[in-house]
Number of protein chains: 2
Amino acid sequence: MAQSDTVDRILDAAEELFAERGFSETSLRMITGKAGVNLAAVNYHFGSKKSLIQAVFARFLTPFCIALEAAFDRLEAETAPKPPDLESVLRVLTATLVEMPRQHDRSIAIYMRLQGLAYTQSQGHLRRFLEAEYSHTFGRFMRLLKNATPELSAVERYWRNQFMLGATAFTLSSSDALTEILWNKLGVETPNEEIVDQLVPFLAAGMQAHTVAHGNTGNSDSGA
Amino acid sequence: MAQSDTVDRILDAAEELFAERGFSETSLRMITGKAGVNLAAVNYHFGSKKSLIQAVFARFLTPFCIALEAAFDRLEAETAPKPPDLESVLRVLTATLVEMPRQHDRSIAIYMRLQGLAYTQSQGHLRRFLEAEYSHTFGRFMRLLKNATPELSAVERYWRNQFMLGATAFTLSSSDALTEILWNKLGVETPNEEIVDQLVPFLAAGMQAHTVAHGNTGNSDSGA
DNA sequence: AATTGTTTGAAACATACGTTTGAGCCGGAA
DNA sequence: TTCCGGCTCAAACGTATGTTTCAAACAATT
């Protein structure tokens, strides 16, 4: 067994098991069993289970954020000096997501589910880690969204951002289960690429829904 | 301590702790500690932790579904013989939801979060329980949605339903935290009623977004 | 007051977990 | 060959979990 083959085998197994069972429900013994390595290897190479979880996210999130920033660069260059419109921003995001993990021949669903779990399962340390590590890219995305929806008040944009986030995280985090249910019901298979094809127009339309006449707040201010 | 006060105290504590920490992360000792009852009481009254989880859901979901069915009855009577339009259906749902837990003086967020957890955390037994117990009301809601969106294919409707569910569950489940963040940022308070006022147009617009031209599936078929 | 069935209480049970230990293995440098 | 650092391994550690036990307390009925 070559040098640090062990590290990658652990990450592969953990990634898969975390995605399908959650963090607390996945024991180190399951992971090392699946990886075919010794139990102690996790604590030797990663220090703790928490660090393992963070390492799993770092392995796919770091290259993803790099690719995403590059894609944003390209998009903004194309549309300059005008800011990119909403659907373009969303499409760049989902396209980068869908094309990312081909290298590792893994279903995107795994990473989507992990991303969803990051929001859903408490895991305070994970939230802090992601915030510290990837807030730059996240903030840039938020700024693009703001420029793409100038007609919204700050309050409206804030809540609609949450709606988008929810629809995305929630759906993608259970995309495998949902796809299977649909298969049993209608006999139709929906690859993840198609789910996001459905998702983008839904989100764009929701964001641009006619504003509800309410007694609140002036126009456009802070981001989200 | 009156007759089965214990049962209710356990349910109250469990409800709150499950909502804020998840199922696996909440131990029976935390629950009985918070409830001020003996550890063994849970297994005595409920049989197991799994049954406790189901009981927590049953206590709020059963009256909610009854209220919802009644509200649907009224709505369909009003609009007969035409089926109610999409926004009416959504508004009836959210209104019932918002008005429900006044009795117990508990934030709706708790129940929303529980509902979200039911989807997110694996917990196969819970999914089976909810399916067996509440599929009738859920199915009726789906049928109303179908009649309100005849232009959608079955596949599109299925996925857009999930998007709606996600946006709703995700947002409302953290509505307290999100409201506080917004207050700190813009100095604006958003009561839950107003959140759903923002949510309904978002969902309705998303549901009715122009269909994406894709190579799949004919038109309207089974429900979802 | 005695008896019955139900509910509580403190303690223990068996199991699973994350983590630590220390002896052993192996490959490259001296 | 000897030595040494990185790595693996089986075993154990301490702790936390869900569940069970059984005696004591209680409420209601006879």
Side-chain angles (χ1 to χ4, degrees), chain A residues 1-58 114 117 121-129, chain B residues 1-59 114 117-118 121-129:
Chain A
M1 197 176 300
Q3 195 177 18
S4 266
D5 200 7
T6 301
V7 168
D8 285 321
R9 296 174 62 131
I10 291 174
L11 285 173
D12 288 343
E15 187 171 85
E16 213 161 320
L17 287 170
F18 284 153
E20 73 187 29
R21 310 183 35 103
F23 304 117
S24 310
E25 294 81 358
T26 303
S27 71
L28 294 185
R29 284 169 175 82
M30 291 180 198
I31 294 172
T32 53
K34 176 164 194 152
V37 305
N38 188 273
L39 170 61
V42 169
N43 287 279
Y44 177 78
H45 286 288
F46 296 93
S48 70
K49 187 180 181 181
K50 288 184 180 182
S51 306
L52 205 214
I53 295 175
Q54 295 175 9
V56 165
F57 275 83
L114 284 175
L117 288 180
Q121 318 238 128
S122 31
Q123 298 288 354
H125 71 95
L126 220 198
R127 214 181 303 252
R128 267 174 272 126
F129 169 77
Chain B
M1 198 175 300
Q3 193 176 19
S4 267
D5 200 7
T6 301
V7 169
D8 285 320
R9 297 174 61 130
I10 291 174
L11 286 173
D12 287 343
E15 186 171 86
E16 213 161 321
L17 286 170
F18 284 154
E20 73 187 29
R21 310 183 34 103
F23 305 117
S24 311
E25 293 81 358
T26 303
S27 71
L28 294 185
R29 284 168 176 83
M30 291 179 199
I31 294 172
T32 54
K34 176 166 193 151
V37 305
N38 189 274
L39 169 62
V42 169
N43 287 278
Y44 176 78
H45 287 287
F46 296 94
S48 68
K49 186 179 181 181
K50 287 184 181 182
S51 306
L52 206 214
I53 294 175
Q54 295 175 8
V56 165
F57 276 83
R59 188 172 64 154
L114 285 174
L117 288 180
Q121 319 237 125
S122 32
Q123 299 287 355
H125 70 96
L126 220 198
R127 215 182 301 251
R128 267 174 271 126
F129 170 76

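First the proteins, then the strands, lettered A, B, ... as listed; each starts at 1.
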Original post:
For A:Tyr44 and A:Met30, take the nucleotide of DNA chain C holding the closest heavy atom to each; which residue's nucleotide lies nearer the 5' end?
Top reply: A:Met30
Subject >> Spacing between B:Leu39 atom CG and C:dT7 atom C1', to the nearest angstrom >> reply: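 Computing the B:Leu39:CG to C:dT7:C1' distance gives 15 Å.
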**OP:** Please state how far atom NZ in A:Lys49 lies from atom P in C:dG18, giving the value in whole angstrom units.
**Re:** 4 Å
So, is [X] close to the [N] phosphate, meaning a side-chain N or O under 4.0 Å from OP1 or OP2?
{"X": "B:Ser27", "N": "D:dA16", "answer": "no"}
{"X": "B:His45", "N": "C:dT6", "answer": "no"}
{"X": "A:Asn38", "N": "D:dA10", "answer": "yes"}
{"X": "A:Thr6", "N": "D:dT8", "answer": "yes"}

**OP:** Please work out whether the ring planes of A:Phe18 and A:Phe23 are parallel, tilted or perpendicular, with thresholds of 30° and 60°.
**Re:** perpendicular
**OP:** Could you tell me whether B:Thr32 contacts a base, only the sugar-phosphate backbone, or nothing, with contacts defined as non-hydrogen atoms closer than 4.0 Å?
**Re:**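 No contact.
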Original post:
Looking across every strand, which nucleic acid part, if any, lies under 4.0 Å from A:Ser24 by heavy atom: base, sugar-phosphate, or nothing?
Top reply: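 Touches nothing.
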**OP:** Would you indicate whether the side-chain heavy atoms of B:Asp12 and B:Arg59 approach each other to under 4.5 Å?
**Re:** yes
**OP:** For residues B:Phe46 and B:Leu11, determine if any side-chain heavy atom of one lies less than 4.5 Å from a side-chain heavy atom of the other.
**Re:**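 B:Phe46 reaches B:Leu11 side chain to side chain.
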Subject >> Whichever of A:Ala41 and A:Arg29 has its nearest DNA chain D nucleotide further upstream toward 5' >> reply: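 So the residue in question is A:Ala41.
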